[in-house]
Participant: 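For reference, the structure I am asking about is given below.
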Amino acid sequence: MHPSRPTYAVGIDLGTSHTVVASVALDGATGDIALLDIPQRNTAGEIVAQYLLPSVRYQAAKGELGEAWQQPWPPQGADEAAPAVIGRWARDLGAAVPGRLVASAKSWLSHTGVDRTAAILPWGAGEDVAKVSPLAASSSYLAHVKAAWDKAHPEAPLHQQSVVLTVPASFDEGARALTLEAAQMAGLPRVQLLEEPKAAFHDWLVLQGNELAAQLVDSRLVLVVDVGGGTTDLTLIRVDASAEGSLPTLTRTAVGEHLMLGGDNMDLALAHQLESAFAGEGQKLPAQRFAQLVQRCRMAKEQLLAQNAPEQIGITLLGGGSKLLAATQSVTLTREQVRQSVVDGFLPVVQISDMPARRQGALRGFGLPYPADAAISRHLAHFLAQHASEGLPDTVLLNGGVFHAHAMVQRLTQLLDRWRGSPVRVLHNPHPDWAVARGAAAYGLARRQAELAVAQIAAPNQPAARAGQASAAIKPMVPRIGGGSARSYWLLLPGKRGEAPQGLCLLPRGTEEGVRMVLSGRRFALKLGQAVRFNLLANSQSHAPVQAGQIAPLTGDGWVELPPLATVLPAPEGSSAAQVEVQLQACMSEVGTLEVRCVAVQDAGQSWLLPFAVRGASASEPIAGSAGGQSAEGQKQSDSLAARLPEAVSLLDRIFGTQAQEVTVREVRQLRQSLERVLGPREGWELDLLRALFDALLARSRRRRRTADHERVWFNLAGWCLRPGVGAQLDGWRIDQVWALYGQGLGHAKEAANWTEWWVFWRRVAAGLNEARQMELLEDVAAQMQKAVQQNTRGKSSHGSYDDMLRLFAAMEAVPWQYRQEMGQWMLQRLRREDETVQTWWAIGRLAARQSLAANAHLVMPPEAALEFLNATLAQDWRKNETAMFAAVQMARMTGDRARDLPDAIRAQVLEKMRSSGAPERWLTMVEQVVQMEAEDHKRSLGDSLPPGLVLL
C-alpha cells in the first residue's frame, strides 16, 4: 500500500530559542503560508496556543507538576518518575529552578566535544535530576510539534507531509545526521534539510510576489546575516539578472564557519556584568544561581531592546531554601547598559581588515565551546575578507530575534556602509522570528511543484502526473537558490613525513544536490567483515577549482574535521573476512546531507553506504601531522627517520617474525635499545612513526608469546607506540584490534613482571577505550588490586605492581564518575596507612580532575564530590609532598565551565597554600586562568609524555 500523497509543505524551524512551524497547501488552491498555533502549557492550569514554542524542556521532580505535565499530550520519554514539560511553562519553571532546565539543545547537538547521544542535559545538574541527551531533547520538541500538527490536521498527519527542517548553514555533517535522527525518533522518517539563511531569504522572495524581479534589479550580491539564539550564520547569494520581466538567477556562493554565538551569549554577557552586584566585588555566583541570573537577563534584554522600551528594569534573584525571602536581591538594569553590552560588545566598530581574537573570552558559561571573540562584527569582516573575490555585498537581509532591536540593525548597516564606502540596501524582513519557518514551507512548495512538473513532462498520462497538473501548472513563486554544496569534502590520506597531510577530493564545492561524483580513477581494497574508517574534512573557504578525485595538500585556512565515516562491511556468508576492490561515490543527497558509498568494481550493483560515526565523537583528535609546522632541520630529521623505518621493522621481524631465527634472550630484552640506535631516543619518535611501528608490532602479535621476555617486550613497545590511544587516523580501528588481545590475556601469567607490562600497556592506551571496555577493565583491575593489598601492601604481588594497577585505574576517564569517587574514597582510607605510596596522590588527582585528558566533559566528577579529595590534599604538607600539591592543581584547575569549576573561595584557599609552598608559576596560572596544560605537566598527569605534535584537550 502506497503512503498517502502529501497535502501540505511544512517548514519547521527547530531553533535554539524557539521552534516555529509554517505550512502551505500543495494543491495550488492558495499560496498563503500559515503559521501553526502550537498548544503548550502556560501555567499548571492553563494551556495556550502560540506560534513560538520555546525550545526548552523542564526536568521536574516526581510529583512536582501533579498531573499537568501530561497535557496537552504526554511528552516523549517522560514518566511519573521523571516528568517533563516543554514550552512556555518549562521556560518559566526553569527561570526559578535553572538546574532542571534543558536549554540550547541545538547548540549541544553541534558540540563535538561531548557525546551528543548521552544523557548530559541539563548540564551540571545534580544527581536528583533526570537527564536527557541533546539528541533526545531535540527529538522531544519535534514530537511535540508532530502532536500539535496531527491534532489540528487529523486528515493529513505530519509524517505524510512534505516536511522541510531547517539547520544552520554552518552545521557539519555530524550535526546534520543527528538532526535527521532526531526527526526519525519523533516519528518523521522523511524530512528535507534546508539551511536557515536560504530559508529566510526564500521567505523574503515570496513576499515580493510579482514585484520580485523589480525588487532585485539593483542587487548583485546579497549578504544574509542570521543571528539566532545559539548561532550566527553568514551567507552570500549572487544575483544574476535575466531577461527583462523574468526572474533573476540566484546562486549561494559562500557560507561562514560554524559560529556558536547568538542571543544566548548576549544573555551571558549581561549576567557577567551584573554578577558582582549579587555576589560581591570580585566574587562569583554558584552555578545554579548564575543560571537563574542568565534567565532573568534574557527576559530583561528582550524588553529593553524592544520598541518603546522602558528606561530600566529591576532584576530580582530569589534566595534558596529557608532563606528564600531573606536572601532575595534586586538590581536595576538600564536600557543604556543593555545597549553598551549588547550593541557595543557584539557589534563593535571595527575595520574590515580586523581579525577575530583567538584568546578565549569570558563567555563560556556551561560547557559549550563559544568562540574566543564575541564580536560578531569582526567575524563578519573576516568572512567578507575571505570571500573578497565576490566583492562586498550591496544588499543585506537581517534575520533573527536580536534584530527586533533597531540599535542592532543600525550598527550593522553602518559598518557595511563604512566598509563599502556607499550605503548598503537593507531588505525589509517583517517577521524575523518566523521567516525561517515560512521560507522552509515556501521552499517545500517550490520543490514539490518542480517534481510534479518533471513528472508531468515525463509521463503526461500517468495518474500521478494528472493529479498534480493543477499544482504543476502554477508558475513558480520564486527562483530556486542554486549553488550546490557550500563546502568541498575531502578524504584524508597519509602524507609523507615532514609534509602537510594530503587529501582526496570526494565532492567539489558547488556540486548540485543529487549529482553523484564517481572517483573512477581511484580504487581501494577493502576487507569485508572488518572495520572500515575514512577520515573526512570539509572546506568552505578555498576558491581554487578542484575536481573529484584530485589529490592536493591540505594547506591554508578553513579546514574542519568531520566525524569519520565508519562501518563494518558485511562479509559473505560462511566467510569471516574477504577482500573486495571498490570505488568511492559521493553526492549531496536530496535531503541535504553528504552521502559516500563504496561500490564494488566487479559488481556495480553491490554497494555500501558509509554512515557518519557521530556517537561520542571528540574534537580532541587533531588531524595527524597537522599540529604545527617543522623547521627545515626537523623535516630533514623526519625524512631520515622515514628512510630508516624499514631497518627498524626488520629488527621487529627478527624478534617477532614468522621465520624461526636464533635470537638470544639479550637481543629480545634489548629490542628497545636496538630501535633507539636506529631511530634515536624514543621520546622523539613522532606520531606517524609511532603508529607505523605499532602496526608492524600488531601484524606480528601472534608471536608475542614465544617466551616471557617476548611478551613483556611486545607490550612495552606496543603501548609506547599506541599511546594515548587516540590522536591519529585509524586509532579507533587499532584499539578494536588490541581489545581482542584483552580477552586472550597473558600467555605467561605466572610472571609478575609481565603483569606489570600488561597494566602499563592498558594505562597507556586507556584514552582510546570506550566506557564499556573501560568498565570491564576497571572491574578486573579492582579485583587484582584487592589481591595485591592482601598479598603484599608494598612492591609487587603475583599479578604485578600495585602502583601500576592504581595508575591504570585512575586513567579510566570514560566510566561514570561515581565509580571513580568510590575508588577514590577507598584510596583515602589507604592513605591513612604509613606504607601507602605517593602514587595514590597521583591517582586521586586524576580521578577528581576538573579537565579530562581525553574523555568527554560530562564525565568529570562534579565539584561537590571532588571537594572531599581536595580537602585531603590540603591537609598535606605540600613542601614535602609535591605529588599531593599537583593533585590539588588538577582538582582546582580553571576550565571556564561553572558546572565543573570549584567555587572561587576554595580556589583562593588552594592558591594561597600553593604560594606559601613555593608552587611553580605555571601551576598557579592553571588555577587562576583558563590555560592549556604544558607538556611537562601533561606528562606528569598522563603518566607518559604525549607523542610530539599531539595535543589533547
Side-chain angles (χ1 to χ4, degrees), residues 9 11 22 24-26 28 30-33 162 164 166 169 192-226 233-255 390-391 393-399 425-430 435-457 468 470-486 509-515 588 590-592:
V24 61
L26 291 172
T30 175
D32 292 340
I33 300 174
S162 178
V164 178
T166 63
Q192 164 83 25
L193 296 184
L194 178 66
E195 295 168 4
E196 290 164 4
K198 286 177 69 172
F201 190 51
H202 211 95
D203 180 51
W204 182 87
L205 296 171
V206 170
L207 291 172
Q208 308 316 303
N210 294 330
E211 299 297 317
L212 174 57
Q215 288 292 332
L216 285 177
V217 70
D218 295 323
S219 295
R220 293 294 174 265
L221 188 63
V222 179
L223 167 68
V224 182
V225 181
D226 186 2
D233 252 345
L234 305 173
T235 294
L236 288 174
I237 298 174
R238 188 176 67 241
V239 182
D240 294 311
S242 299
E244 186 175 348
S246 62
L247 296 176
T249 301
L250 304 176
T251 307
R252 191 271 320 281
T253 62
V255 299
E390 303 285 345
D394 51 47
T395 306
V396 63
L397 175 69
L398 305 177
N399 191 65
R425 180 188 175 199
V426 181
L427 302 181
H428 177 57
N429 183 355
V436 167
R438 282 176 46 90
Y443 172 86
L445 174 61
R447 185 168 178 265
R448 183 67 174 171
Q449 287 174 336
E451 291 172 351
L452 291 172
V454 171
Q456 186 175 354
I457 294 170
S471 180
I474 299 174
K475 184 179 180 181
M477 293 187 299
V478 295
R480 174 179 174 271
I481 302 173
S485 171
R509 181 180 172 207
T511 304
E512 294 291 344
E513 289 84 354
V515 176
M588 187 58 60
E590 294 294 340
V591 300

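Model, not experiment: these values are computed from the prediction. The figures that follow rest on heavy atoms only: side chains count, while hydrogens, waters and symmetry mates do not.
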Participant: With a 4.5 Å cut-off on side-chain heavy atoms, are Glu196 and Val436 touching?
Facilitator: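 In short, these two side chains touch, coming nearer than 4.5 Å.
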Participant: Quick one: pull up CG in Asn399 and CG in Leu427 and give me the separation to the nearest 0.5 Å.
Facilitator: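 One finds 11.5 Å between CG of Asn399 and CG of Leu427.
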Participant: Any idea which heavy atoms bring Thr166 and Ala199 closest together, and the distance?
Facilitator: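 In this case the closest contact between Thr166 and Ala199 is CG2-CB, 4.1 Å.
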Participant: Could you check if a side-chain atom of Asp233 sits within less than 4.5 angstrom of a side-chain atom of Val255, using non-hydrogen atoms only?
Facilitator: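 Counting from C-beta outward, Asp233 and Val255 never come under 4.5 Å.
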Participant: For the residue pair Tyr443 and Lys198, establish whether any side-chain heavy-atom pair is separated by less than 4.5 Å.
Facilitator: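 When only atoms from C-beta onward are counted, Lys198 and Tyr443 do not touch, as no gap falls below 4.5 Å.
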Participant: Working to the nearest 0.5 Å, report the span between CG of Leu194 and NE2 of His202.
Facilitator: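 These two atoms lie 8.0 Å from each other.
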Participant: Would a 4.5 Å heavy-atom cut-off, applied to side chains only, mark Val222 and Pro393 as touching?
Facilitator: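 Answer no - side chains too far apart.
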Participant: Are Asp218 and Asp394 side-chain neighbours, meaning at least one heavy-atom pair lies under 4.5 Å?
Facilitator: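 No; the side chains remain at least 4.5 Å from each other.
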Participant: For the residue pair Arg252 and Ser485, what are the closest heavy atoms and their distance?
Facilitator: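 Taking every non-hydrogen atom into account, NH2-C, 3.7 Å.
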Participant: Nearest 0.5 Å, please: how far is CG in Leu221 from OG1 in Thr395?
Facilitator: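 Spacing of OG1 (Thr395) from CG (Leu221) equals 8.0 Å.
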Participant: Measure the shortest side-chain to side-chain distance between Leu234 and Val225 over non-hydrogen atoms and say whether it is less than 4.5 angstrom.
Facilitator: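 A side-chain contact under 4.5 Å exists here.
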Participant: Scan Asp226, Thr235, Asn429, Leu250 and name whichever one has a side chain to side chain contact (heavy atoms under 4.5 Å, CB included) with Phe201.
Facilitator: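 Considering Asp226, Thr235, Asn429, Leu250, a side chain to side chain contact (heavy atoms under 4.5 Å, CB included) with Phe201 is found only for Leu250.
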Participant: Of the non-hydrogen atoms in Gly11 and Ala440, which two are nearest, and what is the gap between them?
Facilitator: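 It is CA-CB, 3.6 Å.
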Participant: Rounded to the nearest 0.5 Å, how far apart are CD1 of Ile33 and CZ of Arg438?
Facilitator: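 Atom-to-atom, Ile33:CD1 and Arg438:CZ are 4.5 Å apart.
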Participant: Would you mind checking if Glu513 and Arg447 are paired as a salt bridge, meaning a charged N to carboxylate O distance below 4.0 Å?
Facilitator: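 Result for this pair is no, no salt bridge flagged.
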Participant: Could you measure the distance from the CG atom of Leu223 to the CG atom of Leu398? Nearest 0.5 Å is fine.
Facilitator: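 So the gap between those two atoms works out to 8.0 Å.
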Participant: Ignoring hydrogens and geometry, is there a side-chain-to-backbone donor-acceptor pair from Arg509 to Thr253 under 3.5 Å?
Facilitator: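 Between the backbone of Thr253 and the side chain of Arg509 there is a qualifying donor-acceptor contact (under 3.5 Å).
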Participant: Would you sort out whether Gln215 and Arg425 count as a side-chain contact (heavy atoms from CB on, under 4.5 Å), showing the intermediate values?
Facilitator: CA-CA 11 Å; Gln215 288 292 332; Arg425 180 188 175 199; 2.8 Å; yes
Participant: Could you tell me if the side chain of Leu212 sits less than 4.5 Å from the side chain of Pro479, heavy atoms only?
Facilitator: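 Side-chain contact under 4.5 Å: yes.
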Participant: Which heavy atom of Pro248 sits nearest to which heavy atom of Val239, and what is that distance?
Facilitator: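 That would be CB-CG1, 3.9 Å.
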Participant: In Å, rounded to the nearest 0.5 Å, how long is the span from OG of Ser162 to CZ of Arg448?
Facilitator: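 Reported to 0.5 Å precision, the distance equals 6.5 Å.
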Participant: So for atom CG, which belongs to Asp240, do other residues, nucleotides or ligands contribute more than 12 heavy atoms lying within a distance under 6.0 Å?
Facilitator: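 Correct, the count exceeds 12.
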Participant: Of the non-hydrogen atoms in Ala9 and Ala441, which two are nearest, and what is the gap between them?
Facilitator: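 Here Ala9 and Ala441 meet closest at CB-O, 3.5 Å.
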